[in-house]
Amino acid sequence: MSTPQPSTSPAVFRRDKVFEFLIPKQVEDLDLSHGTALYLENISVNFDGFQAINGLNFYVNTGELRCLIGPNGAGKTTLMDIVTGKTRPDTGTAWFGQKINLLRMDEAEIAQAGIGRKFQKPTVFENLSVFDNLELSMAGTRKLWPTYRARLGSETLDRIEAMASTINLLPQIHALAGSLSHGQKQWLEIGMLIMQNPVLLLVDEPAAGMTHQEMDRTVELLTRLAGDHAIVVVEHDMDFVRALNSPVTVLHQGSVLAEGSMAEVQSNPDVMRVYLGTESSSC
Amino acid sequence: MSETSTTEQTTGIRPQRSRMSSILFILTLIALIIGVSVCNKLPAEHPLYVSNYMVTLLGKYLTYAILAVAVDLVWGYLGILSLGHAAFFALGGYVMGMHLMRQIGDRGVYGNPDLPDFMVFLNWTELPWYWLGSDHFAFTALMILLVPGLLAFLFGWFAFRSRVNGVYLSIITQALTYALMLAFFRNEMGFGGNNGLTDFRELLGFDLRSDDVRLGLFIASGVALLLVYLLCDSILRSRLGKVAIAIRDAEDRTRFIGYRVESVKLALFTLSAMIAGIAGALYVPQVGIINPGEFAPLNSIEVVVWVAIGGRGTLYGAVLGALGVNYAKTWFTGAFPEAWLFALGLLFVVVTLLLPRGVAGLLKFKRSSKAAS
């Protein structure tokens, strides 16, 4: 006496839907009319038994600067992997604006849709010059033939020059990226990110390996970029987060523990327990 | 940075890429082609006379050089270490071989106007379907590009989409060429089995045994190398070439910038296979035979060694490596036949240890970084 249960029967036997691959893939235009750039709802990821993300809900408004903090293993980098298409969540939905479903796109499509990412470890193209690095990341065509036929117009040159000057690398513009110092590589990567002109920037540990002076300039740059771009910054350095002076989300064991200004978050008893390692754990 | 020199900088920021090495290479190649052609026509007792044997040998080396350029395009610039490029070379060679077999007509040992000798010998009564059209040169020329290209496309489609990388990809390419070798060894495949295709007589009505035709094939190989070089150079100088290097050095980063890595790999890999096919097609009429031994895994590895010795990541380095190593091989196998493999091995070890950028690394001028500080 088994009654058909559409929710548990394999997708192949369902008659209320066509096959997934038959649904035409529509590349929707980005729709930010509700003022939210990123919706992550009920996301869970399990890596071979390790629950990296657990029922996470996370929203980013357009033009907002948001800091993401949390102890090691809290799921910060996994969250970025999900948004950029590197990792597929087991459950949940991820939308970019109202119309773009991130879970149906690969890394290149997501990048083209307007999400840029800076890695934890600075990754620039070491055997290309600073100029080439910026040229490749510049927003524009990604198709094969137009890329082959692309020529350097004066507008392109101006943009690259302006960016090189913003990130303080104009004197080294024709040097190989591999010859730059660690801090300069960080800057170059941020520059490459901005050249993509993304709507949403995901920045993983921008201050790592930077001197205090460089850090101040990074804070200044990120603050300036916010407004035009929504930015999510993952950072361990609390001084840096404090300097950014923006809303903070605390992740712990794959879900959001607290949200608010730095001062609010710091006085939150749950956060204090996680960070100070007091006993009587909550779960 | 300083406000005084903004006008100078807007013009000065455009990267100045030296074309010296390309121009030098092209001029040298043209000089080689013309020089050998002229010297071949000198009287035999003249000190600068180049023998017909040497012309054919050089023609063969030039086809190897084309193959080396094909390997360098995907290995040196895209980071795909293909250990199966001899397969594309041999496929191009087989397509050309089929055409040459059909050109024999009824002058074979059995005098059958339709069937090549080996098919008569095996009691075949009609041509297999895949031999149809091979009597037309235009169709053959098309197939020389399409057969290796299609195989590379299908192979790449599955390999690159599944993101097979590094040593795994190399092993699969090696398996590909090995599988093809075993298949072509079989008589029932219809490609002459163990003996392959041979006894060629003429191409486009020219007698392959005549000295002038051999010189013509040498010139054709040289011109093909020149055109292939120009094509690859134009790709590598374009933004697409920079994307290729970006993929070689940081594949994930390239993806997050928005480039479709698998499409770039697929396109260049297919192009590279087609170039290898052209090389094979020019090779076969000059050596007069194509057999399954050309698919041997060792052949593909040898090509990689040429490129490594010549200089991976420079097109002229690949050409230098192919010509130099093969000339050394010819000389060595004549002088000390048993020692050749040891010499090649030693050369490879020495170059890897002492000259990681190959012979081209010695010639290459240090890239001038315009660091103002």
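Source: prediction; values computed, not measured. In what follows, chains are A, B, ... by sequence order, proteins preceding strands, each numbered from 1. Any value given below was found using the heavy atoms of this structure, including those in side chains, with hydrogens, waters and symmetry copies removed.
- Interface remark: B:E251 contributes no atoms to any contact with chain A (heavy atom separation under 4.5 Å).
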How far apart are the C-alpha atoms of B:R248 and A:N127, what are their side-chain angles, what is the distance that settles it, and do they pass the side-chain contact (heavy atoms from CB on, under 4.5 Å) test? CA-CA 10 Å; B:R248 180 190 73 189; A:N127 284 304; 3.5 Å; yes
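- Partner of B:R239 under the side chain to side chain contact (heavy atoms under 4.5 Å, CB included) criterion, chosen from A:R149, A:E135, A:R151: A:E135.
- The shortest non-hydrogen separation linking B:F256 to A:Q196 is O-OE1, 3.5 Å.
- To the nearest 0.5 Å, atom OG1 of residue A:T156 and atom CZ of residue B:R14 are 9.0 Å apart.
- A distance of 10.5 Å separates OG1 in B:T254 from CZ in A:R142, rounded to the nearest 0.5 Å.
- Across all their heavy atoms, B:P15 and A:L152 have their closest contact at CD-CD1, 4.0 Å.
- Considering only heavy atoms from C-beta on, B:E262 comes within 4.5 Å of A:D106 through its side chain.
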Verdict with reasoning, A:E189 to B:R253, per side-chain contact (heavy atoms from CB on, under 4.5 Å): CA-CA 10 Å; A:E189 198 175 1; B:R253 194 81 194 84; 3.0 Å; yes
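- Rounding to the nearest 0.5 Å gives a distance of 10.0 Å between CZ of B:R260 and CG of A:L144.
- Between chain B and the options A:G116, A:A108, A:S137, the largest number of non-hydrogen pairs under 4.5 Å is found for A:A108.
- At least one donor-acceptor pair under 3.5 Å links the side chain of B:Y259 to the backbone N or O of A:L136.
- The most heavy-atom pairs under 4.5 Å with chain B, out of A:M138, A:E126, A:K86, come from A:K86.
- B:R255 places no side-chain N or O within donor-acceptor distance of the main-chain N or O of A:E107, the cut-off being under 3.5 Å.
- For the set B:V261, B:V264, B:I235, the count of heavy-atom pairs under 4.5 angstrom toward chain A peaks at B:I235.
- Looking at A:M195, there are no atoms closer than 4.5 Å to chain B (heavy atoms on both sides), in backbone or side chain.
- Between B:I257 and A:F125 the shortest heavy-atom distance is CD1-CE1, 3.7 Å.
- No more than 12 heavy atoms of other residues, nucleotides or ligands lie within 6.0 Å of CZ in B:R19, so this atom counts as exposed by the packing criterion.
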Dump the intermediate steps for side chain to side chain donor-acceptor pair (under 3.5 Å) on B:S234 and A:Y148, then the final yes or no. CA-CA 9 Å; B:S234 90; A:Y148 171 53; 2.5 Å; yes
